[in-house]
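Taking it in order: structure first as structure tokens, then the write-up.
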Amino acid sequence: MPTFDIDWVRAQFPALWQEVSGQPAVFFDAPGGTQVPQRVIDAMRDYLATSNSNTHGAFITSRRSDEILVAAHSAVADLLGCDADEVVFGPNMTTLTFALSRAIGRELKSGDELIVTHLDHNANIAPWTAIEELGAIVRYVDIDCGDCTLNMEDLKRQLISRTRVVAVGYAANAVGTINDVAEIVRRAHRVGALAFVDAVHYAPHGPIDVRALDCDFLVCSSYKFFGPHCGALYGKREHLERLRPYKVRPASEKIPDRWETGTQNHEGQAGVAAAIDYLAELGRRCGSPPTSSRREQLLAAYGAIRDYERGLSVRLIEGLVKIPGLTFYGIREPERFDQRTPTVAIRMEGHTPRELAEYLGVRGIFTWDGNYYAINLTERLGVESRGGMLRIGLAHYNTADEVDRLLAALKAIGRKG
Ligand SMILES: Cc1ncc(COP(=O)(O)O)c(C=O)c1O
């Protein structure tokens, strides 16, 4: 098996070559948005230079646009393991989820229940609480604060025959916990509820197979997996055909068109396809034969990404928990690292998360502070009124040296604190 070629990976991403005050920049802000390979920039520029047009016209640039959008749907279908017409593009996850929740709301009756979780980004909560005004009741699944995992017993208690939707994150953007999504989908289906999965934080770190999960909907955002600012929603064909989206009359009733409200971000979709091609090439470089399908290549890429990121997580977390005065939130035992992404959240005695982020930022290390919209979680952990947490979020383009630089900087400020 070829080794993970980190030099090749880093050479793909021009943003990583930047410096801050004479030091290479360290991008530990991946959960907020990843950097993009050069081919994504090229694909977006080429689209605007040679194909820029609206769709379904009787001339060459319009035909090229049609082809590019078809290719983008099929690239996302390979990423998620579904058919191309089950892929709905939109501006971002939040907007797609509001559109879907409104459409589902049209079918709900007063007293129907929806389940969300305290672990999730608010974009997987607010669209569901928004339809409480139609008479639905939203229930919240609690977490175990010790390791920031979902309390599955609580989920079991909340699931009843009136539950219509279970909305859950694949992985938590604040603390990196990966949920047992397949089990949650099974439990939702057992009471006849729809299962909606927010895979925004998970998508850059692990393979997604919507058929194996059997989820009804799954949503992700390409700017979190090395592409531009576009969202994509998978929906089971039967639901995309049956539910009634809010749409304009002349727009096609075919799927996915009936869900793709207004003119889409064409250059963005060109970029999404290029990001997925980058991952497929990584898969070939990690041992997937050139003759294998793009889906197989993507699975190989994710296998390699997971192994590589796990090494970084071990180094990062083992280093962090040894720093005096540091509080670590989430799963910390290496033998449980298949239940987490390389995204970690900490606090340090004597410093607010903002002070830490600023201290690291001037040293060229980019982290995030606050609640990152996972506000139920920061409230539940009792840190919301104290500046939240410092989030360190790695991607497969980061290195062990970068982890060591961060640890050294945190140790130094710990001593000053
Ligand atoms: C887990 C998770 N869900 C949803 C969102 C919202 O995604 P978008 O910005 O595409 O609306 C984010 C963004 O940070 C996220 O991390």
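Atoms considered below: every heavy atom in the structure, side chains included; atoms not considered: hydrogens, waters and symmetry mates. Both counts, for ligands and for their atoms, begin at 1 and track the order of listing.
Under 4.0 angstrom from ligand 1, the non-hydrogen atoms of Met93 come from both its backbone and its side chain.
With atom 2 (C) of ligand 1 as the reference point, the heavy atom nearest to it among Asn124, Leu96, Asp198 is part of Asp198.
Looking only at side-chain heavy atoms (C-beta outward), Phe225 and Leu79 come within less than 4.5 Å of each other.
Just one residue in the list Arg162, Arg139, Gln158 forms a side-chain hydrogen bond (donor to acceptor under 3.5 Å, both in side chains) with Glu113, and that residue is Arg139.
Per-residue contacts place Tyr223 under 4.0 angstrom from the following atoms of ligand 1 (heavy atoms of the residue considered): 7 (O), 8 (P), 9 (O), 10 (O), 13 (C).
In terms of polar-atom proximity, Thr95 is not counted as a contact of ligand 1, lacking any N or O under 3.5 Å from an N or O of the ligand. Ligand 1 has no N or O atom lying under 3.5 Å from any N or O atom of Ala123, backbone or side chain.
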Requested in this report: Please assess His121 against Tyr373 for the test ring-ring contact (aromatic ring centres under 6.0 Å, His included), listing each intermediate value before the final yes or no.
Outcome: CA-CA 5 Å; His121 188 287; Tyr373 284 22; 5.5 Å; yes
Requested in this report: Report the C-alpha distance between Arg285 and Phe4 in whole Å, list the side-chain angles of each, state the deciding distance to 0.1 Å, and finish with yes or no for side-chain contact (heavy atoms from CB on, under 4.5 Å).
Outcome: CA-CA 8 Å; Arg285 287 175 169 269; Phe4 188 77; over 6 Å; no
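Scanning the protein for heavy atoms near atom 10 (O) of ligand 1, the closest one is Ser221 OG, 2.4 Å.
A side-chain donor-acceptor contact under 3.5 Å links His201 and Thr343.
In this structure, Lys224 counts as a contact residue of ligand 1, since one of its heavy atoms falls inside 4.0 Å of the ligand.
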